[in-house]
There are 2 protein chains.
Amino acid sequence: MTSRFDRLSLLDTFVRVAERRSLSAAARDLDVSQPSVSRQLAALEARLGVVLMRRTTHDVTLTPDGLDLLADARRLIGEWEAIEERTAEGGTLAGRVRVIAPVALGQSLLVNGTARFMKQHPDVTVDWQLRDDPIRFAEEGCDCWLKVGPVPDDTLVVRELARVERLVVGAPESLPETGDVDLAALPWVTLGPFEGNRIELFNREGVATVFSVSPRMASDNIFAVQQAVRQGVGVAILPRWFVASALDNGMLVDVAPDWRAARLPVNLALAAGARRPARVEAFAEYIAAWCGDRLG
Amino acid sequence: MTSRFDRLSLLDTFVRVAERRSLSAAARDLDVSQPSVSRQLAALEARLGVVLMRRTTHDVTLTPDGLDLLADARRLIGEWEAIEERTAEGGTLAGRVRVIAPVALGQSLLVNGTARFMKQHPDVTVDWQLRDDPIRFAEEGCDCWLKVGPVPDDTLVVRELARVERLVVGAPESLPETGDVDLAALPWVTLGPFEGNRIELFNREGVATVFSVSPRMASDNIFAVQQAVRQGVGVAILPRWFVASALDNGMLVDVAPDWRAARLPVNLALAAGARRPARVEAFAEYIAAWCGDRLG
DNA sequence: AGCGGTTACGAAAGACGTAAGGATG
DNA sequence: CATCCTTACGTCTTTCGTAACCGCT
C-alpha cells in the first residue's frame, strides 16, 4: 500500500510523459522499462487520488488536474536540483535551459549574444523557441521567457531588463532635405503589434503629439518593416538597438531627433519558485546583463 | 550506490532531526527505528556530498550547510504537501501551523481571534510563539510571522495587514480640564521599541510637531505602559485597537484628538515558496482578515 | 553507567524487467 | 494489425528492525 517510490522521481516521470505525450518515449528517455513508467504514473495518481492523464493507445493527454500539477512538478524538481547544485558548489553547470523569446529579439540579438555563455558552460544546452504569441508558461516547460511589454501571468517572477528607445527612421534619399518635417504628412510603415494607425510621440520635455496616419504598409515582422523603410516606402518607428548599425552607416536616418515613441519594456520572466536550478539562474543573469547593455 | 530513498522523506527526517536535535527523538516522532533515521541522514549527506549535522552523543548541531538546507527543505516539503492537498480538494485541513507574533498583538488580539478558525479546522494545531525579538525565520521552522514594522528578510513574502492608528491617551482624572493641553509639558510614559524621548505627532493636514520629553516611565511592555497610564503616571502613545475599549468606557481619554502618531504597519510574512500548505494559506488568510477588521 | 549514534545482519518488502493481455486507430 | 498501455510473475535490490558496538557526559 505505501508506495516507496521516490516522490520527486514520480514527478519527474510524470513531466517526461507529459512532454513526450507517450509512456514508451518517456521510458526510453529515462532509461527504464516502459511498464515501470506505467507503474510510476499509476502510483502518482493513486497517491494524489486524481487521474492525471487520459491514455488512449495512440495518445496521452493531460487532464485538468494533470495540467495543474505540471507547473508545480517542474518547479519542485527544479528546486531539488537547486539544492543539489548549491551544496555541490563549484561544480560545472549542466542541463537544458528552455527559453522562449520574441522572434525579432531572438534571431538577431539574443542568440548571438549567448555565444559566450555557451562557451563558458559547455554542458548546458540552450533550447531557443522564437515566437511572438503569448504562451501558457506553465504548460510549455519553459524556464525563461523574454517578452516585450507586460507579462500577463502572476505565477511568474518578472524582471525588467530594459526600456527600449524607439525612434522614427527613414531612408535618407526618400526624405526632404529641409530640417523640419511634417511627420503626419510622411508615408508610414507600421509594425503590427505595437501601432495601429495612431502615432504618439514625445519630445524631451515629455510633451506628447498624437496624429493619425494611414500606413503605406503594415507588417507584424520587424525585418520586413525595416526593409520597406530602407527601400523608401516610408518612415517607421523602430527600436534603437535594432537600427543602430543602420543609423551608423547612413542606411537609415533619425527622421525626428526631437521626438521619440514611448519606451517599451523588455521583461524576463521565470517560474516563481524560491529557488531555480543554477543553470537557469546563471542564464537569466547572463541574458539580463547582455540585454541591459545592448537595449538600455 | 543508487539510494532509492524517497528524497522528500530524506528531507523530512532531516528537518525532524534538526528540530528535535536528536536522532532518537526524531525516530520516535516519525515512528521508525532510530538506526533508520541514522541511515537516512547519512544517505542525504552522501547524496549532497556535504556534512549536514555534527553529531556528538548528547547533541546534534547543524553545520552551516545544514542550516542552509533547512529552510529549503521545509519549503520543498510544504510545496509537496500543497500538491497533495490541492488535488485531494475539499478535504479537511490538518497539521500544525507555527506562528510567531509580537507579545502585545498576540496575547490580546490574535490568540482570541483564532478561536473561530480553530473551530472550523479541528485538525489544525496552531502553535503560537509570542516574542518581540527579530527572528531568523529560516531557522525557526516558522510558518507565519506577524511583525510590527518592516520585515528585514527578503526571502519572505510580506503582506501588510493594517496600519495601526496611534494616539495619545491619559487617565481622565490626571488631566487638566481645559480643552487645550500642552503635550510637551505633560508627564510621559513611553513604549520602548517605538519611541525614544522624541515624540512626533501629526495633525489632520499632515503637519508634524516634534518635541522632546523626559519620560516619567518607560517600558518595553505595552500592558505595563497602559497600567501606568491608567494609574495617572502620565500620558502615552498607544495603538487604538489596544485602548479602544478603555476609551469607550472612559478609563482612558484621547488627550489630543487633533494629533496622531505615525501609523505603524503590521505585516504578515510567509516563506517565499510558490505554494504553501493549505492550512498555512488558510490561516494566513484568516488572520489577515481578522487583523484588517480589528486594526484597520 | 546510561543515553545516544553507528555498524552488522537477517528478513521482508517493494520495484524492476520480461512476458503476456487488451484496447484503439 | 500494429502500436502502445496495462497487468502478471519471478528475481533481485534495498530498506527495515533487532542487536551488538562504541563514545561521550
Side-chain angles (χ1 to χ4, degrees), chain A residues 1-63 65-67 69-70 73 77 80, chain B residues 1-63 65-67 69-70 80:
Chain A
M1 172 211 152
T2 67
S3 98
R4 259 211 263 282
F5 285 102
D6 175 10
R7 282 170 281 177
L8 289 174
S9 297
L10 255 41
L11 293 180
D12 215 356
T13 1
F14 165 70
V15 170
R16 243 351 195 288
V17 172
E19 285 175 354
R20 304 296 305 261
R21 300 176 75 97
S22 153
L23 279 73
S24 335
R28 284 189 292 275
D29 281 7
L30 298 167
D31 200 34
V32 293
S33 71
Q34 181 273 330
S36 183
V37 170
S38 180
R39 277 190 299 261
Q40 290 198 29
L41 210 51
L44 183 59
E45 289 180 324
R47 177 138 199 174
L48 299 181
V50 170
V51 177
L52 297 170
M53 309 181 144
R54 203 62 70 181
R55 294 87 132 168
T56 74
T57 43
H58 280 73
D59 196 19
V60 173
T61 59
L62 288 166
T63 62
D65 285 321
L67 218 52
L69 179 62
L70 192 52
I77 294 165
W80 170 266
Chain B
M1 171 206 158
T2 68
S3 102
R4 258 213 263 288
F5 284 102
D6 175 12
R7 282 169 280 177
L8 288 174
S9 296
L10 255 41
L11 294 180
D12 214 357
T13 28
F14 166 71
V15 171
R16 248 341 201 291
V17 173
E19 286 175 353
R20 305 293 307 261
R21 300 176 73 99
S22 155
L23 280 73
S24 335
R28 285 190 291 275
D29 281 7
L30 298 168
D31 201 34
V32 293
S33 71
Q34 181 273 330
S36 183
V37 170
S38 180
R39 279 189 299 260
Q40 291 198 31
L41 210 50
L44 183 60
E45 288 179 324
R47 177 138 199 173
L48 299 181
V50 170
V51 177
L52 298 169
M53 309 181 145
R54 203 63 69 181
R55 295 88 133 168
T56 75
T57 44
H58 279 73
D59 197 19
V60 173
T61 59
L62 287 168
T63 62
D65 285 322
L67 218 53
L69 178 62
L70 191 53
W80 171 266

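These numbers were taken from a predicted model, which means no experiment stands behind them. Per chain, numbering begins at 1; letters A, B, ... match sequence-line order.
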Any idea which of [options] is nearest the [X] side chain?
X: B:T57; options: C:dA19, C:dG4, C:dT24; result: C:dG4
X: A:P35; options: C:dG14, C:dA19, D:dG17; result: C:dA19
X: A:S24; options: D:dC5, C:dT7, C:dA13; result: D:dC5
X: A:R4; options: C:dT18, D:dC16, D:dG17; result: D:dC16

Measure [atom1]/[X] against [atom2]/[N] and give the value in whole Å, please.
X: B:H58; N: C:dG4; atom1: NE2; atom2: P; result: 6 Å
X: B:R21; N: C:dC3; atom1: CZ; atom2: P; result: 20 Å
X: A:R47; N: C:dA15; atom1: CZ; atom2: P; result: 11 Å
X: B:D6; N: C:dA15; atom1: CG; atom2: C1'; result: 14 Å
X: B:Q40; N: C:dT7; atom1: CD; atom2: P; result: 15 Å
X: A:R54; N: C:dA23; atom1: CZ; atom2: P; result: 17 Å
X: B:E45; N: C:dT6; atom1: CD; atom2: C1'; result: 12 Å
X: B:R55; N: D:dG23; atom1: CZ; atom2: C1'; result: 14 Å

Report yes if at least one side-chain N or O of B:S38 is closer than 4.0 Å to OP1 or OP2 of C:dT6; otherwise report no.
-> yes
Do A:R39 and C:dG14 share a donor-acceptor pair, side chain to base, under 3.5 Å?
-> no
Thinking salt bridges, do A:R54 and A:E45 make one under a 4.0 Å N-O criterion?
-> no
Is the closest basic N to carboxylate O distance between B:R4 and A:D6 below 4.0 Å?
-> no
When we call it a touch if two heavy atoms are under 4.0 Å apart, what does A:S36 touch: a base, just sugar-phosphate, or nothing?
-> sugar-phosphate
Identify whether any heavy atom of B:V37 sits under 4.0 Å from a base atom; if not, whether one sits that close to sugar-phosphate; answer base, sugar-phosphate or nothing.
-> nothing
Could you say whether B:S22 or A:V32 is positioned toward the 5' end of DNA chain C, judged by the nucleotide with the nearest heavy atom to each?
-> B:S22
Could you pick out which residue, A:S33 or A:T56, lies toward the 5' side of DNA chain C when each is mapped onto its nearest nucleotide?
-> A:S33
Minimum-distance pair of heavy atoms, taken over all atoms of A:L8 and B:L8 | CG-CG, 3.9 Å
Where do A:A18 and A:L70 come nearest, in terms of heavy atoms and distance?
-> CB-CD1, 3.9 Å
Side-chain touch B:L69/B:L44, heavy atoms, less than 4.5 angstrom | yes
